[in-house]
Amino acid sequence: MDNLLEKLNEQQRKAVMHTEGPLLLLAGAGSGKTRVLIHRMAYLIEECGVNPYNILAITFTNKAAGEMRERVDSIIEVGSESIWVSTFHSLCVRILRRYIDRIGYENNFTIYDSDDQKQVVKEVMKRLDIDTKFIKERRALSAISRAKDELITPEEYCASAGNDRERAVIGRIYREYQSQLKKCNALDFDDLIVKTIELFKTNADVLNAYQERFKYIMVDEYQDTNTAQFGLISLLASKYQNLCVVGDDDQSIYKFRGANINNILQFEQVFEDTTVIKLEQNYRSTQNILDVANAVIKNNTYRKEKALWTENKEGEPISLRSFDNGFDEANGIARDIKSKVSVKNIKYSDCAVLYRTNAQSRTFEESFIRENIPYRIFGGINFYQRREIKDILAYLKTIDNAHDDLAVRRILNVPKRGIGAATVSRIMEYAVENDITFYNAMLHVKDIPSIGKAAAKIEAFTYMISSFRSKSTVMSLKDLVIDIINETKYIDYLKEIDEDEDDTNEREQNLDEFISKAVTYEDGAENPNLSEFLEEVALIADIDSMDGSDAVTLMTLHSAKGLEFENVYLVGMEDGLFPSYMSITSDDSTDLEEERRLCYVGITRAKKYLTLSHARMRMMRGETTYNKVSRFVKEIPVELMFSDSGARKSLARDFEMPSPKRENPVKKRTSYVMYDTVFDKPASAGSLGYAVGDTVKHVKFGVGTVTDIVNGGRDYEVTVDFETAGVKKMFATFAKLVKM
DNA sequence: CACAGGTCTCTTTTT
DNA sequence: GAGACCTGTG
């Protein structure tokens with residue numbers, strides 16, 4: 001242990017040895033915070049005699065939890081397996097599985113994923129006769145989710161509506177949504193936290209038991225916790241006050257999901273006698289990369305001042321590369337990876353391609369396949385969200401919990417049994433009238449009037465389910481799944497629905513994969529059972545755990561948080577893509593700051609090499625768009641960034657566009673790109689044919705008044721207040737506004 | 001009453 | 001480009 005402590009710097013050591021009382025660790029990117037957490041656990045156990053059983057470490061993602069688990073196990077010799085390393089959500093599930101009956105649910109509740117949530121909201125809105133034109137499902141759903149993050153109940157939400165019509169309507173949806181979930185004995189992701197808090201608040205004995213168990217609590221990525229999560233850990237830690245949270249306000253990137261930055265800023269007020277320790281030495285990146293990161297993040301106004309420094313070498317300048325389009329970008333990056341692998345002692349697994357949106361992954365995937373580069377994509381279409389997997393899961397869920405209406409209805413006519421929408425709505429009506437679940441209504445199918453010949457089909461279905469149910473008590477999980485696939489002739493069904501034989505084969509492979517996952521679960525579990533398996537599946541967001549194989553990592557910037565790579569590519573550095581169009585046009589300036597933090601996260605993933613790239617033309621949602629170089633790129637000092645000859649050429653062309661007659665201004669320069677010089681010479685505003693105050697017409701938005709024209713480099717950003725569409729910001733070249 | 005094919009919309013990030 | 005939704009046909 002002494003040995004272990006020696007490897008830490010002074011601040012880190014301080015943090016490790018501060019074991020009693022609340023501790024706030026402000027840890028910059030790459031400052032070794034995970035290292036500190038793990039050493040702290042080791043110190044608690046080996047030096048302070050703390051029982052590992054009393055330690056709880058909470059992370060944000062499964063990936064992070066898995067990684068921490070691994071590192072904990074490798075450093076701590078005895079008892080590491082008793083430390084509870086978990087995400088917020090899986091912690092709550094484990095607690096609720098034991099005690100949720102105390103607050104009126106059954107312990108075998110199901111967990112609804114976002115598809116399920118959407119479905120429920122849709123039905124609720126239909127039932128309440130709310131036009132989706134006025135309030136979109138997405139909007140209602142995110143409002144509900146925000147409310148839960150803030151621990152606002154449906155009643156409170158409705159009460160606070162006042163004169164706000166929209167809020168009142170959403171309140172009604174929220175209330176109905178919640179009672180629907182209750183009826184189905186289901187919880188959504190947010191409920192997992194909310195209901196655990198409810199359980200603790202109403203059952204002092206349960207809370208006390210967990211307070212006694214978790215005497216030492218550590219929370220990683222604390223900047224991303226929301227109000228509910230903070231409430232939860234506050235409750236748990238309130239007795240012993242041994243709470244250590246680690247975070248970095250510059251890496252807060254989940255505001256859209258309810259993350260509350262005040263949790264960091266106000267921590268010291270909530271927990272008195274908090275010790276604050278800052279970790280500012282970066283061990284990960286070269287000086288150059290760190291300078292780039294600092295140059296970008298300093299443009300944010302809402303942040304705690306920090307001085308991140310490193311003893312690492314300066315390193316190579318980062319590179320900026322331009323491409324004509326997204327395909328060229330992918331090919332160019334693929335070639336660059338190949339050359340780095342062959343020349344620079346870099347492995348494929350040292351490389352990561354990070355993008356803003358999942359949709360960008362596809363181009364890279366295709367390119368990598370062509371170039372024979374091993375790769376692995378994280379996130380995106382989750383394995384467990386694939387149709388065939390969701391179908392089989394729905395069978396398992398129905399067998400496990402017949403209250404789960406959504407699951408039942410998903411498979412009622414899958415494979416096709418000739419049970420159509422009309423029959424389903426008859427059953428639903430009956431279920432609502434009698435206040436019973438969908439499945440129970442089906443059991444009474446004979447009492448449902450006008451259901452006609454469909455009744456026999458329904459009975460056949462419920463008979464099949466109950467026979468699966470009795471089989472499930474004697475069969476292994478693996479055999480049950482195989483039995484379901486065979487009995488329902490599911491493979492034949494796949495052949496029916498897929499035009500393409502390859503698609504069917506892929507789906508079959510996925511089913512095989514699913515079966516092996518079931519086997520893996522059964523082999524690993526102490527007491528394997530269907531409910532627990534379903535719960536594990538529900539909480540796994542992606543096919544986690546980077547296994548050892550040598551492959552390039554492809555993921556969104558969001559999922560990259562907490563990871564590090566020798567060689568990083570930040571691709572699609574274009575205004576409108578990153579920062580996203582939404583954040584540029586938002587009237588809330590903190591949205592753009594969140595994007596910038598995301599950029600900061602991306603940059604600081606790189607240890608040695610960092611490449612930024614952008615495409616001048618890109619296919620986005622079926623349309624060709626021309627985007628400017630990301631404003632974040634322009635925040636990087638030129639002396640830190642190298643652009644190769646191809647990039648220089650295309651950039652020169654790029655910036656020349658507004659004034660075609662001018663000589664190439666970039667040509668005279670060194671290899672560094674001089675943005676400011678170039679940007680000072682755009683087309684004259686007069687060439688637009690309109691000015692601030694003019695009335696203009698837009699093809700889609702109609703008539704409006706120009707309120708602002710901003711010189712954005714090679715194009716103008718025009719703000720127009722439209723009579724019907726409201727205020728919009730757009731690029732002059734594409735807006736094609738006509739003066740009236 | 002079920003199903004197939006055509007039309008429409010909507011796009012960020014995730015446990 | 002993909003998915004949800006609607007409409008016409010068998």
Side-chain angles (χ1 to χ4, degrees), chain A residues 58-65 86-93 111-115 117-119 122 126 132-133 136-139 142 145 148-149 187-193 221 224-226 228-229 252-259 326 354-363 378-382 384-385 387 413 416-426 450-454 457 496-497 499 538-542 544 555-561 572 576-586 591-592 594-595 597-599 601-602 618-625 700:
Chain A
I58 299 179
T59 64
F60 233 74
T61 63
N62 293 302
K63 211 178 290 161
S86 154
T87 64
F88 272 106
H89 296 272
S90 50
L91 169 74
C92 290
V93 171
I111 301 165
Y112 276 2
D113 66 14
S114 44
D115 284 348
Q117 288 178 287
K118 217 169 126 198
Q119 190 73 24
K122 204 191 300 175
K126 208 169 180 181
T132 48
K133 293 249 157 46
K136 293 194 204 99
E137 290 150 15
R138 284 176 67 92
R139 192 176 167 75
S142 83
S145 181
K148 290 184 178 180
D149 290 341
L187 304 185
D188 63 21
F189 283 123
D190 304 311
D191 280 339
L192 295 175
I193 317 283
E221 306 286 7
D224 288 325
T225 52
N226 60 37
Q229 288 161 335
S252 160
I253 55 174
Y254 284 107
K255 197 187 76 169
F256 74 94
R257 206 176 68 183
L354 309 181
Y355 36 77
R356 181 64 180 83
T357 68
N358 280 306
Q360 288 164 263
S361 66
R362 193 152 182 171
T363 330
F378 290 86
I381 313 128
N382 180 332
Y384 293 101
Q385 280 170 353
R387 176 188 197 148
N413 200 31
K416 297 211 162 57
R417 302 186 174 90
I419 303 171
T423 307
V424 170
S425 58
R426 291 262 154 72
S450 74
I451 207 147
K453 54 186 185 270
K457 297 172 184 167
E496 245 173 71
I497 59 167
E499 309 263 304
L539 293 176
I540 291 174
D542 36 81
D544 311 274
M555 58 169 63
T556 62
L557 287 152
H558 280 88
S559 6
K561 197 174 51 141
L577 182 60
F578 186 37
S580 73
Y581 181 73
M582 301 283 254
S583 67
I584 295 174
T585 50
S586 164
D591 286 351
L592 191 63
E594 175 141 322
E595 294 278 307
R597 288 194 292 272
L598 193 53
C599 185
V601 167
R618 180 183 296 277
M619 281 282 275
M620 280 166 84
R621 39 192 167 182
E623 260 181 296
T624 307
T625 57
K700 193 174 159 197

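Chain identifiers are assigned alphabetically (A, B, ...) following the order of the sequence lines, protein sequences preceding nucleic acid strands; residue numbering begins at 1 within each chain.
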So does [X] get a side-chain nitrogen or oxygen closer than 4.0 Å to the phosphate oxygens (OP1/OP2) of [N]?
{"X": "A:Arg387", "N": "C:dA2", "result": "no"}
{"X": "A:Asn358", "N": "B:dT14", "result": "yes"}
{"X": "A:Thr556", "N": "B:dT14", "result": "yes"}
{"X": "A:Ser559", "N": "B:dT14", "result": "yes"}

Item to check | For atom NZ of A:Lys136 and atom C1' of C:dA4, their distance in whole Å | outcome: 15 Å
Next on the checklist: Once you measure the plane-to-plane angle for A:Phe60 and A:Tyr254, does it fall in the parallel (<30°), tilted (30-60°) or perpendicular (>60°) bin?
Outcome noted: parallel
Listed nucleotide nearest any side-chain atom of [X], set [options]:
{"X": "A:Phe256", "options": "B:dT15, C:dC5, B:dT13", "result": "B:dT13"}
{"X": "A:Arg426", "options": "B:dC1, C:dC5, B:dT14", "result": "B:dC1"}
{"X": "A:Lys122", "options": "B:dT11, C:dC5, B:dT13", "result": "C:dC5"}
{"X": "A:Arg138", "options": "B:dT15, B:dT11, B:dT13", "result": "B:dT11"}

Which part of the nucleic acid does [X] contact within heavy-atom distance under 4.0 Å: base, sugar-phosphate only, or nothing?
{"X": "A:Glu594", "value": "nothing"}
{"X": "A:Phe88", "value": "nothing"}
{"X": "A:Arg417", "value": "nothing"}
{"X": "A:Asp113", "value": "nothing"}
{"X": "A:Phe578", "value": "nothing"}
{"X": "A:Ser583", "value": "nothing"}

Checklist entry - Quick one: does A:Ile253's side chain get under 4.5 Å of A:His558's, heavy atoms only? => result yes
